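Some notes on the structure that comes next.
Throughout, a chain's letter reflects where its sequence line sits, starting with A, and its residues are numbered from 1. Scope of the values below: all heavy atoms of this structure, side chains included, with no hydrogens, waters or symmetry mates. This is a predicted model, so every value here is computed, not measured.
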Protein chains: 2
Amino acid sequence: MDPEVWSIGDLARATGTKVETIRFYEKSGLLPAPPRTARNYRAYSAEHLGRLSFIRRARDLGFSMEQVATLLALADRKDQSCEAVDIVARAHLAEIDRKLRDLRALRKELATMIANCDHGTIADCRIIEALAPRG
Amino acid sequence: MDPEVWSIGDLARATGTKVETIRFYEKSGLLPAPPRTARNYRAYSAEHLGRLSFIRRARDLGFSMEQVATLLALADRKDQSCEAVDIVARAHLAEIDRKLRDLRALRKELATMIANCDHGTIADCRIIEALAPRG
DNA sequence: CATGCACCCTGTAGCCACTACAGGGTCAAG
DNA sequence: CTTGACCCTGTAGTGGCTACAGGGTGCATG
């Protein structure tokens with residue numbers, strides 16, 4: 001028996017999101033502003049919970065807030081083709097691949113520097129040397 | 001024949017850094033404030049150029065500005081052991097490895113989602129489904 | 001001699017995606 | 001009657017820049 005309304009704290013606990021972050025999503029337009037109680041507390045429905053879970057999952061997968069907004073808008077147009085969704089996802093995948101390539105190249109360079117270090121004085125340090133311009 | 005003094009624009013061109021970024025490094029304490037000309041223009045020496053190159057190279061390798069500051073401070077103590085340098089570099093390597101693991105896991109998940117998408121309507125979209133809570 | 005242009009200066013605000021905190025309120029239990 | 005757990009708004013901070021407003025200097029060209 002889920003409650004029919006949720007406080008912001010309930011949503012936070014249910015989704016592993018900080019309260020401030022939820023308010024931030026609302027201000028950013030990702031999460032619709034819920035109705036308020038007599039005490040001016042936000043009163044969320046199950047729909048809000050679902051939407052916030054969606055946002056969190058997409059963010060965890062590295063989609064930008066802008067991409068999440070796009071995906072959310074698309075998710076609501078149930079009868080349309082999901083090609084646009086595919087495009088967003090593939091663009092994100094390409095971006096991840098680019099980051100992976102960069103990070104691997106960087107790791108290699110750094111590992112080489114570290115491997116060359118023979119723990120003498122700074123004056124002979126291969127790491128510092130590799131960073132300094134021309135030896 | 002290098003000039004003996006360099007304008008901020010010269011340094012920018014020589015290191016591939018934007019002028020604003022150089023000023024930003026100065027304000028952040030990474031690059032020492034150079035003497036000024038009569039017109040209040042920054043007048044850099046070859047030493048500044050070397051230091052900026054070091055900063056850029058370290059930043060390109062993904063070291064944080066704080067780590068760069070540490071490395072710069074260490075680089076000046078030529079007679080000391082380079083153990084501290086090694087520690088900073090290894091910490092950074094570990095961080096890169098963590099990011100690589102995260103990114104690879106994420107890539108896998110995203111690729112699976114995309115592979116499952118059979119380009120029907122949004123209602124049947126596996127990508128949206130994977131993001132939405134409980135199908 | 002005027003004009004345009006490339007450069008330089010300072011200071012502030014913007015980017016992303018939060019996070020933290022100040023300063024205030026309501027409510028229930030001990 | 002005080003303590004603590006919540007909630008509210010609004011602002012400022014993070015990292016690492018980037019951009020722009022609003023001003024100045026100096027050189028070449030018409």
Side-chain angles (χ1 to χ4, degrees), chain A residues 3 5-31 33-44 48 51-52 54-72 91-92 95-96 99 102-103 106, chain B residues 3 5-31 33-44 48 51-52 54-72 88 91-92 95-96 99 102 106:
Chain A
V5 297
W6 309 61
S7 74
I8 196 168
D10 293 338
L11 241 69
R13 271 180 297 275
T15 60
T17 312
K18 303 216 163 165
V19 165
E20 291 95 334
T21 306
I22 298 177
R23 289 197 278 249
F24 167 73
Y25 286 156
E26 179 179 321
K27 208 169 52 178
S28 312
L30 273 195
L31 194 63
R36 301 293 180 109
T37 67
R39 282 179 249 114
N40 198 30
Y41 290 8
R42 288 169 179 81
Y44 293 101
H48 288 99
R51 206 160 171 100
L52 179 56
F54 187 106
I55 294 167
R56 288 309 298 179
R57 253 199 254 201
R59 291 285 308 119
D60 285 350
L61 282 165
F63 287 98
S64 70
M65 286 182 60
E66 199 183 345
Q67 285 175 318
V68 175
T70 304
L71 290 173
L72 277 168
H92 183 40
E95 179 66 13
I96 288 173
K99 277 188 191 158
D102 289 356
L103 220 47
L106 200 144
Chain B
V5 296
W6 310 61
S7 75
I8 196 167
D10 294 336
L11 241 69
R13 272 181 296 276
T15 61
T17 311
K18 303 217 164 167
V19 165
E20 291 94 334
T21 305
I22 299 178
R23 289 198 277 250
F24 168 73
Y25 286 156
E26 178 180 321
K27 208 168 53 177
S28 311
L30 274 194
L31 194 64
R36 300 295 181 107
T37 67
R39 283 177 249 114
N40 199 31
Y41 289 9
R42 288 169 179 82
Y44 294 101
H48 288 100
R51 206 158 171 102
L52 179 57
F54 187 107
I55 294 167
R56 289 308 300 178
R57 191 121 167 74
R59 290 284 310 120
D60 285 350
L61 282 166
F63 286 98
S64 69
M65 286 180 61
E66 200 185 341
Q67 286 175 318
V68 175
T70 304
L71 290 174
L72 278 169
V88 173
H92 183 40
E95 180 65 12
I96 288 172
K99 277 188 189 156
D102 288 357
L106 198 146

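Of the possible donor and acceptor atoms, none in the side chain of Ser28(A) sits under 3.5 Å from a partner among the backbone N and O of Leu30(A). Side-chain N or O atoms of His92(B) include none that pairs as donor or acceptor with a backbone N or O of Gln67(B) at under 3.5 Å. No donor-acceptor pair under 3.5 Å is formed between the side chain of His48(A) and the backbone N or O of Leu11(A).
Rounded to whole Å, atom C1' of dG26(D) lies 15 Å from atom CG of Asn40(B). Nucleotide dT18(D) holds its P atom 11 Å from the CD1 atom of Ile22(B), rounded to whole Å. Between the C1' atom of dC17(D) and the CD1 atom of Ile55(B) lies a distance of 14 Å, rounded to the nearest Å. Distance CZ (Arg36(A)) to C1' (dT26(C)): 15 Å, rounded to an integer number of Å. If you take CD of Glu26(A) and P of dA17(C), they are 18 Å apart, rounded to a whole angstrom. The CG-P distance, from Leu52(B) to dC17(D), rounds to 11 Å in whole Å. To the nearest angstrom, P of dC7(C) lies 10 Å from CG of Asp10(B). The interatomic distance linking His92(B) (NE2) with dG15(D) (C1') rounds to 15 Å, in whole Å.
Within the nucleic acid shown, Arg42(A) comes within 4.0 Å of sugar-phosphate atoms alone, with no base atom in reach, counting heavy atoms only.
Between dT10(C) and Arg23(B), no contact under 4.0 Å exists linking OP1 or OP2 to a side-chain N or O. Residue Arg39(B) places no side-chain N or O under 4.0 Å from the OP1 or OP2 atom of dC9(C). OP1 or OP2 of dC17(D) sits under 4.0 Å from a side-chain N or O of Tyr25(B). An OP1 or OP2 oxygen of dT19(C) is reached within less than 4.0 angstrom by a side-chain nitrogen or oxygen of Thr21(A). Using a 4.0 Å cut-off, some side-chain N or O of Ser7(A) falls inside it from OP1 or OP2 of dC7(D).
Within residues 59-67 of chain B, the residues that have a heavy atom under 4.0 Å from DNA chain D are, in order of number, Arg59(B), Ser64(B), Met65(B).
For the side chain to side chain contact (heavy atoms under 4.5 Å, CB included) test, residues two or more places apart in sequence or in another chain that qualify with Phe54(A) are Leu71(A), Leu72(A), Ala75(A), Ile128(B), Leu131(B), Ala132(B). Qualifying side chain to side chain contact (heavy atoms under 4.5 Å, CB included) partners for Arg13(B), counting only residues two or more places apart in sequence or in other chains: Asp10(B). Tyr25(A) is linked by a side chain to side chain donor-acceptor pair (under 3.5 Å) to Arg56(A), counting only residues two or more places apart in sequence or in another chain.
Ile22(B) has its side chain within reach of Tyr44(B): a pair of non-hydrogen atoms, C-beta onward, lies under 4.5 Å apart. Contact of the Val88(B) side chain with the Phe63(B) side chain is registered, since non-hydrogen atoms from C-beta on lie closer than 4.5 Å. Looking at Lys27(B) and Arg23(B), their side chains never come closer than 4.5 Å, going by heavy atoms from C-beta outward.
The side chain of Glu20(B) sits closest to dA19(D) out of dA19(D), dC6(D), dG26(D). With dG16(D), dC8(D), dA17(C) as the candidates, the nucleotide lying closest to the side chain of Phe24(A) is dA17(C). Out of dC7(D), dT18(D), dC8(C), the shortest distance to the side chain of Tyr41(B) is found at dC8(C).
Here the closest heavy-atom approach between residue Thr37(A) and residue Ala43(A) is recorded as CG2-CB, 4.0 Å.
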Please tabulate, one pair per line, each protein N/O and nucleotide N/O from nucleotides 11-13 of chain D that are separated by under 3.5 Å, including the distance.
none

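Residue Glu66(B) qualifies as open at atom CD: its count of foreign heavy atoms under 6.0 Å is 12 or below.
An end-to-end axis angle of 30° holds for the helix from dC1(C)-dG30(D) to dG30(C)-dC1(D), taken from five base pairs per end and rounded to 10°.
Remark: Ile8(B) CD1 to Thr17(B) OG1 distance equals 10.0 Å, nearest 0.5 Å.
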